[in-house]
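Please read the structure below before turning to the comments.
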Amino acid sequence: MGSGHEQVVFCSDPESGLRAVIAIYSTALGPALGGTRFFPYASEQAAVTDALALSKAMAYKNSLAGLDLGGGKGVIIGDPRTDKTEALLRAYGRFVESLGGRYLTACDVGTYNADLDVVARETRFAHGRSEAFGGCGDSSVLTAFGVFQGMRAAAQHRWGSPSLAGRTVAVAGVGKVGSHLVDLVVADGASAVVTDVDRAAVDRVLARHAGVTAVADTAALVRTPHDVYAPCALGGALDDETVAVLPAQIVCGGANNQLPHAGSAELLRARGVLYAPDYLVNAGGVVQVEDERHGFSFARAEARTATVFDVALRVFTTAAAEDVSPAVAADRLAEERMRSVGRLATIRLPR
C-alpha cells in the first residue's frame with residue numbers, strides 16, 4: 001500500500017490455470033499502458049514485486065516520451081512454453097476488459113503479437129496486435145531503434161560525436177530487441193560482442209553478422225573489453241558486482257528496471273559510467289503501440305521514436321548541470337510532466 005500505486009488486481013481462473021497480477025501505477029496522464037509479461041516466477045510475491053516495479057517504470061516511460069498515457073503492467077505466472085493456451089489468454093483478456101480501459105495491455109517478455117490477437121477476442125484494450133489484424137506488429141523494432149538513438153546521444157555527450165563507429169558494443173540478450181540493436185550498431189560501424197541464454201538466438205545473430213563475436217555468459221561479457229554495455233534481457237542487470245568490473249564508458253540497453261537498488265545509479269556515476277535511463281531509451285515500443293490506437297503509421301511512430309535522441313541529450317545535460325545521475329534527472333523530468341499536465345488530464349478511453 002505504500003508503493004503509490006492506484007490499483008493492483010489479482011486475477012485467477014482455475015479452469016484455464018490463469019494466475020496473473022495487473023498493477024496500475026498512475027492514470028494521471030491517461031489510461032495505463034504497459035505490456036503483459038508471461039514468466040515462471042518463483043512465487044506470487046516475486047510476481048507482485050515485478051508488476052509493481054514495471055508498472056511504475058511504465059508511468060515514467062510514457063511521461064518522458066510525451067505520451068498521454070499512464071503506466072501499468074500485467075504479469076502472468078507460468079512458463080509460456082508449456083502453460084500458454086487459448087483458454088488462459090482469453091481468461092486474461094476478460095480481466096483486462098473488466099477494468100474498463102484503465103489498463104491497456106500489449107506484448108512483453110513471453111508474449112507476442114499472436115497472443116495479443118487472442119487476448120483481443122475478449123477485450124477492446126489489447127494493443128500491439130499482428131499486422132493481419134490491423135495492429136502495429138513487432139514493437140521490438142522501434143524499441144531497438146529508440147535504444148540506438150539513446151546510445152547515439154550518449155556517444156555525443158561522452159565523446160563529442162553521435163557515431164558508434166570504431167566502438168565496441170556488448171549486448172547482453174539478443175532476443176527480440178537485442179538482435180535488432182546489433183543490426184543497428186553494426187550498420188553504424190561498431191563492433192559487437194554478444195551473449196544470450198538461448199544459444200539459438202546467438203546463432204541467428206552470428207549468421208547475419210560475420211564480424212560479431214559471442215561469449216559464454218553475462219559474467220564473461222562484462223569482463224570483455226567494450227565501450228558501451230547494452231543490457232537487453234531481464235531487469236536488475238546492473239548489480240553491484242557487474243558495476244564494479246564493467247569496462248564500459250556508457251550503459252544503454254533495452255531491458256526494463258536495470259538498476260536493482262536506489263544506489264546503483266550513483267555507483268555507476270562514481271565509476272565515471274554514463275547511464276542512459278532504461279525507461280527513456282526503450283520507449284520506442286510504447287510509441288509504436290500507442291500509435292496503433294490512431295491507425296498505425298510506422299513512419300510516424302519512427303519519427304516520434306527518433307526524438308529519444310533529443311530527450312536523452314537533455315537528460316545528460318541536465319544531470320551534468322545539476323550534478324546528479326541521469327537516472328535522477330530523468331525521474332525529475334517525468335515527474336514534472338505528470339504533476340503539471342496530469343492535473344488537467346482525464347482518462348481517455350479508446351472508442
Side-chain angles (χ1 to χ4, degrees), residues 42 46 49-50 52-54 56-57 60 109 147-148 150-160 164 166-175 177-178 181-182 185 190-198 201-202 212-282 312 315-320 322-332:
T49 298
D50 207 25
L52 294 178
L54 291 167
K56 181 175 181 179
Y60 280 62
V109 174
V147 173
F148 178 61
M151 203 176 284
R152 292 179 61 246
Q156 174 70 53
H157 185 80
R158 175 53 55 92
W159 299 312
L164 297 167
R167 307 290 179 179
T168 298
V169 180
V171 183
V174 286
V177 173
L181 183 61
V182 171
V185 300
S191 300
V193 55
V194 305
T195 194
D196 197 293
V197 295
D198 181 358
V202 172
V212 171
T213 58
V215 296
D217 52 31
T218 302
L221 184 69
V222 298
R223 289 171 171 80
T224 301
H226 59 270
D227 303 293
V228 181
Y229 181 54
C232 292
L234 296 177
L238 299 173
D239 55 43
D240 294 0
E241 293 78 11
T242 297
V243 172
V245 300
L246 201 61
Q249 295 186 53
I250 292 169
V251 170
C252 180
N256 288 311
N257 293 343
Q258 295 169 23
L259 304 177
H261 59 80
S264 301
E266 283 303 317
L267 290 176
L268 287 165
R269 193 161 78 107
R271 291 207 62 226
V273 179
L274 179 63
Y275 171 64
D278 47 42
Y279 71 79
L280 161 60
V281 301
N282 67 15
V315 166
F316 298 143
T317 301
T318 300
E322 298 180 358
D323 194 27
V324 296
S325 72
V328 170
D331 283 356
R332 288 175 179 174

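Here the structure is a predicted model, which is why all the values come from computation and not from measurement.
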Closest heavy-atom contact between [X] and [Y]?
| X | Y | value |
| --- | --- | --- |
| Ala276 | Val281 | CB-CG1, 3.8 Å |
| Cys232 | Gly254 | SG-N, 3.5 Å |
| Arg158 | Gly272 | NH1-O, 3.0 Å |
| Ala170 | His226 | CB-CG, 3.6 Å |
| Ala330 | Pro277 | CB-CG, 3.8 Å |
| Val315 | Pro326 | CG1-O, 3.5 Å |

Assess the residue pair Val228 and Thr168 against the criterion (side-chain contact (heavy atoms from CB on, under 4.5 Å)); give the C-alpha distance rounded to whole Å, side-chain angles, the decisive distance to 0.1 Å, and a yes or no. CA-CA 6 Å; Val228 181; Thr168 298; over 6 Å; no

Given Val251 and Leu246, is the side-chain contact (heavy atoms from CB on, under 4.5 Å) satisfied, shown in steps? CA-CA 9 Å; Val251 170; Leu246 201 61; 3.5 Å; yes

Heavy atoms of other groups near Arg271 CZ, more than 12 under 6.0 Å: yes

Donor-acceptor pair, side chain of Ser325 and main chain of Val328, under 3.5 angstrom: yes

Is the side chain of Glu266 donor-acceptor paired with the backbone N or O of Gly263 at a distance under 3.5 Å, no angle test? no

Using 4.0 Å as the upper bound for N to carboxylate O, is an ion pair formed by Arg223 and Asp217? no

Stepwise side-chain contact (heavy atoms from CB on, under 4.5 Å) check, Leu280 with Tyr60: CA-CA 8 Å; Leu280 161 60; Tyr60 280 62; over 6 Å; no

Working to the nearest 0.5 Å, report the span between [atom1] of [X] and [atom2] of [Y].
| X | Y | atom1 | atom2 | value |
| --- | --- | --- | --- | --- |
| Leu268 | Leu274 | CG | CG | 9.5 Å |
| Leu259 | Asp278 | CG | CG | 6.0 Å |
| Arg152 | Leu164 | CZ | CG | 8.0 Å |

Output, in order, the C-alpha distance, side-chain angles, deciding distance and verdict of side-chain contact (heavy atoms from CB on, under 4.5 Å) for Asn257 and Tyr279. CA-CA 8 Å; Asn257 293 343; Tyr279 71 79; over 6 Å; no

Working for salt bridge (charged side-chain N to carboxylate O under 4.0 Å, His left out), residues Asp323 and Arg269: CA-CA 10 Å; Asp323 194 27; Arg269 193 161 78 107; 2.9 Å; yes

Check the orientation of His157 and Phe316. Use parallel for under 30°, tilted for 30 to 60°, and perpendicular for over 60°. tilted

Can you find a heavy atom in the side chain of [X] that is under 4.5 Å from one in the side chain of [Y]?
| X | Y | value |
| --- | --- | --- |
| Val194 | Val212 | yes |
| Tyr275 | Leu238 | yes |
| Val174 | Val202 | yes |

Which of Val185, Ile250, Asp227 passes side-chain contact (heavy atoms from CB on, under 4.5 Å) with Arg167? It is Asp227

Option from Asp196, Val147, Val182 for which side-chain contact (heavy atoms from CB on, under 4.5 Å) with Val171 holds: Val182

With sequence neighbours left out, which residue pairs that include part of residues 229-256 fulfil the side chain to side chain donor-acceptor pair (under 3.5 Å) condition? Lys61-Asn256, Trp159-Gln249, Asp239-Thr242, Asp240-His261, Asn256-Asn282

Run the side-chain contact (heavy atoms from CB on, under 4.5 Å) test against Ala237 and tell me which residues pass, sequence neighbours left out. Pro231

